[in-house]
There are 2 protein chains.
Amino acid sequence: MEQAPQRDRSWDEELRSRGYRVTPQRQLVLEAVASLNHATPEEIAARVQQTAKGVNISTIYRTLELLDSLGLVAHTHLNHGAPTYHLATEAGHVHLVCQDCGKIDQASPEAIAPLTAALDDRHGFEVNVSHLTVFGRCQDCRSKTRA
Amino acid sequence: MEQAPQRDRSWDEELRSRGYRVTPQRQLVLEAVASLNHATPEEIAARVQQTAKGVNISTIYRTLELLDSLGLVAHTHLNHGAPTYHLATEAGHVHLVCQDCGKIDQASPEAIAPLTAALDDRHGFEVNVSHLTVFGRCQDCRSKTRA
DNA sequence: TTACGTGCAAAGTCTTTGCAACCAT
DNA sequence: ATGGTTGCAAAGACTTTGCACGTAA
């Protein structure tokens, strides 16, 4: 399976060096996660199937679990039901989930630096920043409700 | 259904004033949430059924949803699967979930004050503190791995 | 008395698993 | 060639829903 030469292939070696194989399905899942950002397994499956219709949902789950364990993608648990996946290279940001409209925003790492420092200091707890989600209400919904 | 007089009954009125009824099932669920702390619906059901065996799991779910919507309990979405419920009066703390051993610790509100301030400031985002969960590794697991 | 709440059972959603065929290495 | 991967289908975990009976108010 040939591809455009300029695509990032560093993860290929990550797989192979650990004894895993590089398959079209895995490429497609990783590309889907990269392009969708905060997507559920079903959304990722839909995107993958735009290119390769035969890919089964169970393969999506297995692949996401693998990529997650390798640290290539990360997931967060949002409101109810499905987790959402994003590239681990985008880690270091906080997810801001609006409980009114469901919108997902992101905050920069600096905003949470005091938090991670305080938790390390006082609890000896090492924060997994790529897995951090904050719930609340976004600016839009706050102004709407106040009206 | 009479009970010991010294039990906290403020939530009774919370229900009645909104047109909901006070039932033994709802009392038991609230008591279970209070005594268990971070319990899943199934765990709550098990506790409730120690007292009243007939209570159905669907009643547990419906009651938790109700109490949650009334702000009497709150839930967080932990690793995979079931959410965990706790009393809303214990809100204002952060859950620290260890991804290695699964232990749930709590951090005081002061630790997150800088975070909530920064997010409000820079994103107009109002943090729901009772719903905040931080993933990472606890002190014990860190020292084990480092060894 | 009235209509909200519950138990029961069935269905729904999301995810995992066993197994034979398949294919990356 | 050969063992990791996939598709398929079935099972599993978790949650919701419809309906008739029960019960708080």
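Note on naming: letters A, B, ... go to the chains in the order of the sequence lines (proteins, then strands), and numbering restarts at 1 for each one. Keep in mind that what you see is a predicted model, and the values were worked out from it rather than measured.
One can place CZ of Arg26(A) at 15 Å from P of dC23(C), the figure rounded to the nearest angstrom. Here the C1' atom of nucleotide dT6(D) and the OH atom of Tyr61(A) are 17 Å apart, to the nearest Å. Between Leu28(A) atom CG and dA24(C) atom P there is a gap of 12 Å when expressed in whole angstrom units. When rounded to the nearest whole Å, the span between CD1 of Ile57(A) and P of dA9(D) equals 15 Å. The interatomic distance linking Leu66(B) (CG) with dT6(C) (C1') rounds to 13 Å, in whole Å. Rounding to whole angstrom units, CD of residue Glu42(A) and P of dT15(C) are separated by 7 Å. To the nearest angstrom, P of dC8(D) lies 10 Å from CD of Gln49(A). Protein atom CG of Leu15(A) is 9 Å distant from nucleotide atom P of dT25(C), rounded to whole Å.
Scanning for ring-ring contact (aromatic ring centres under 6.0 Å, His included) contacts around His123(B) gives an empty result, with sequence neighbours left out.
Val33(A) places a side-chain heavy atom less than 4.5 Å from the side chain of Leu64(A). Put simply, the side chain of Gln139(B) does not reach to within 4.5 Å of the side chain of Asp105(B), judged on heavy atoms. Residues Arg26(B) and Val29(B) have side chains not in contact (no heavy-atom distance under 4.5 Å, counting atoms from C-beta outward).
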Worksheet item: What one-letter contact string describes nucleotides 17-25 of chain D from 5' to 3', where B marks a base within less than 4.0 Å of any protein heavy atom, S marks contact via sugar-phosphate atoms alone, and - marks no contact?
Response: BB----BBS

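The line from CD of Glu31(B) to CD1 of Ile44(B) is 12.5 Å long, rounded to the nearest 0.5 Å. Between Thr63(B) atom OG1 and Gln27(B) atom CD the span is 11.5 Å, to the nearest 0.5 Å.
Remark: side-chain polar atoms of His86(A) are not paired, donor with acceptor, to backbone N or O of His75(A) under 3.5 angstrom.
When each of Gly19(B) and Thr59(B) is assigned the nucleotide of DNA chain C bearing its nearest heavy atom, the one mapping closer to the 5' terminus is Gly19(B).
Side-chain nitrogen and oxygen atoms of Gln25(A) include at least one within less than 4.0 Å of the OP1 or OP2 phosphate oxygen of dG7(D).
Classification of Arg18(A) and Glu14(A) as a salt-bridged pair holds, one side-chain N sitting under 4.0 Å from a carboxylate O. Glu13(A) and Arg16(A) are joined by a salt bridge, as a carboxylate oxygen and a charged side-chain nitrogen come within less than 4.0 angstrom of each other.
Axis deviation across the helix from dT1(C)-dA25(D) to dT25(C)-dA1(D) amounts to 40°, comparing end segments of five pairs, rounded to 10 degrees.
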